Amino acid sequence: MRPYSLGLTLALTACSTTHPAAPAGPVAQSVAVSADRNDVPRELMLAIGVVEGGVMLSRVRLPDPADHVPVAGILELRHGAFDSLAHGATLMGVDELTLRSDTDLATEAGARVLGELGRATGARSSDLASWRGALEELSGMYDHLSRARYAEDVFTILRAGGPFPARDGETITISAHPELTVAAPGPLVEAVGGSPEFPGAIWYTTSCSGKCDTSRTAGTAAVNSIVIHDTEGGWNASVATLQNDAGKSVHYIVDADGSRVGQFVPEGYTAWHAGNYYVNQRSVGIEHVGFAGDAAGYQKGLYDKSAALVKSIRSRWNVPLDRAHIFGHYQVPDGTKITDSSAPCSDTLDACETSANYGGSANHRDPGYHWEWCQYMEKLGGSCSCNDAYPLWNCTTDKTEAVRCNNGKVEIEKCDKGCVSQPIGTNDVCNMSTPAGGGGSGGGGGGGGTGTGGNGGVGQVSGTPGANDDATPKGDDPMTGASQGGCTVTGSASSSSSVGWMLLAALALVVARRRSSTRAA
């Protein structure tokens, strides 16, 4: 089968279709054309994209082959109980990495997959309610209850309708469909395979076959650390992947806004999440829904819920509140390069993120430059290190604090009137009701910056908005052969269907790397 040429087909379809004209926005256009071609309701695809978060995916992406949660297109095709990613790639005549790189191409693949599932389950394009069975199958969830819950989430969006944000500032609109009924709960309930250890968490039944061990082979007394990951995919794609994909497992997942927590295996099991079995035996792994390359950073709700989860875990295990025992995937020793029992990387963020000796067996870099370690550890009642901060004041993502390393000591200022990011090389501005030290934030700027105490006490820190503002995420080196699972960083760059896009992406990556090297660290 020849690789699919989306651009040409879209152009031809736009001329020949008998369906209503496609909407103006590129996301809505892409969905409309693909949905019409495959006899799938447009608004059904949009609602799936909202539930998945796929409507926010970049048009072109530079995914890593070893991503923990590989997703493609607005429907976020993935490896689940039903492998929609592999099936979509087959339908398009391309490989999975190509599909993951081109969101519009993958949206067409998603429409084809959904159309096939609809025909197999008796769905009709004129009847949204008839697509419930197709949605359950598309979810890729392991158990019936999770599949039913997924379909109901999509129908909830369709019932209410409304405007929803999409990538690049686009707004998509879904009509309200109050005629859609809620599925009767009785037939959907089935036996739960376990009980969550964190109160309020959702239990996701997960087989350990080829994914985890049903014991702590190093002994439960050895558990003394927590590894922080990010998913690089939305909640549903991440759940389906972590339930089903071989060689990958984790104990917990926290949603992007902190609204929910899921648990896959008991804490007493050894989950394969760090790409280092020695670490796996001695740690609890937490995935966080998000993208390490997203300059907007992680949401406050996610940090709050993750901190509550860590406190709960610590009530059952001896995990010290320091960065030697609560660390990111990027700090995990790569047992193929250095001794697997080596301590987590304790060098600067740049050094750990770029070292070939860390990140587990596939050198994963999550949760990335935008994870606020100092603010996170503060929420836990612990502390970060100077390697988590910079000499210049940096606003936290939520703009409520500014952080710097001054003479080997981490300083955190509360910006009750907000923190304002400044250009790279200067201190960010922390606006406070009460001046700190009568001068700038932290007593007069710092890192070479000057405070302006007459403005309510401000310091000026370098950077653009986001965690460690002047820390621009770098692209990762190609990764190979992840062992015992793991997650990684996805940048935004190339499209396999366009050499020009790939060149631009490569150029952007070079610029980002050069830019990141200018920050004071």
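Predicted model, so just to flag it, every value in this text is computed and none were measured.
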Participant: For the pair Arg59 and Asp102, find out whether any cationic side-chain nitrogen is under 4.0 Å from an anionic carboxylate oxygen.
Facilitator: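 A salt bridge is present here (some side-chain N lies under 4.0 Å from a carboxylate O).
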Participant: With a 6.0 Å cut-off on ring centres, are Trp371 and Tyr303 close enough?
Facilitator: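 Yes.
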Participant: With a 3.5 Å cut-off and no angle check, do the side chains of Tyr376 and Ser306 form a donor-acceptor pair?
Facilitator: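 Distance-only check passes for Tyr376 and Ser306.
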Participant: Please give me the minimum heavy-atom distance between Met432 and Lys414, naming the atom from each residue.
Facilitator: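 Heavy atoms only, the tightest pair is CG-O, 3.1 Å.
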Participant: If the threshold is 4.0 Å, N to carboxylate O, is there a salt bridge linking Asp340 and Arg282?
Facilitator: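 Looking at Arg282 together with Asp340, the answer is no, because their closest N to O distance does not fall below 4.0 Å.
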Participant: Between Thr107 (side chain only) and Ile74 (backbone N and O only), is there a donor and an acceptor less than 3.5 Å apart?
Facilitator: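 Present.
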Participant: Taking Asp255 for its side chain and Asp257 for its backbone only, find out whether a donor-acceptor pair lies under 3.5 Å.
Facilitator: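 Looks like no, no N/O pair under 3.5 Å.
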Participant: Is the closest basic N to carboxylate O distance between Lys300 and Glu372 below 4.0 Å?
Facilitator: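 The answer is no: the pair does not qualify as a salt bridge.
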Participant: Please indicate whether Lys417 has more than 12 foreign heavy atoms, meaning atoms of other residues, nucleotides or ligands, lying under 6.0 Å from its NZ.
Facilitator: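 No, the 6.0 Å shell around NZ holds no more than 12 heavy atoms from other groups.
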Participant: Restricting to non-hydrogen atoms, name the atom on Pro63 and the atom on Ser101 that form the minimum distance, rounded to 0.1 Å.
Facilitator: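 For Pro63 and Ser101, the tightest heavy-atom pair comes out as CD-OG, 3.5 Å.
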Participant: Could you tell me whether Arg365 and Glu232 make a salt bridge, using a distance below 4.0 angstrom between a side-chain N and a carboxylate O?
Facilitator: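 No, no charged N to carboxylate O under 4.0 Å.
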Participant: What heavy-atom pair brings His273 and Asn280 nearest, and what distance separates the two atoms?
Facilitator: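 Shortest heavy-atom separation between His273 and Asn280 comes out as N-OD1, 3.3 Å.
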Participant: Distance-only, no hydrogens or angles: does the Thr339 side chain make a donor-acceptor pair with backbone N or O of Ser341 under 3.5 Å?
Facilitator: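 Between the backbone of Ser341 and the side chain of Thr339 there is no qualifying donor-acceptor contact (under 3.5 Å).
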Participant: Taking all non-hydrogen atoms of both residues into account, name the closest pair between Tyr358 and Ala343 and its distance.
Facilitator: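 For Tyr358 and Ala343, the tightest heavy-atom pair comes out as CE2-O, 3.8 Å.
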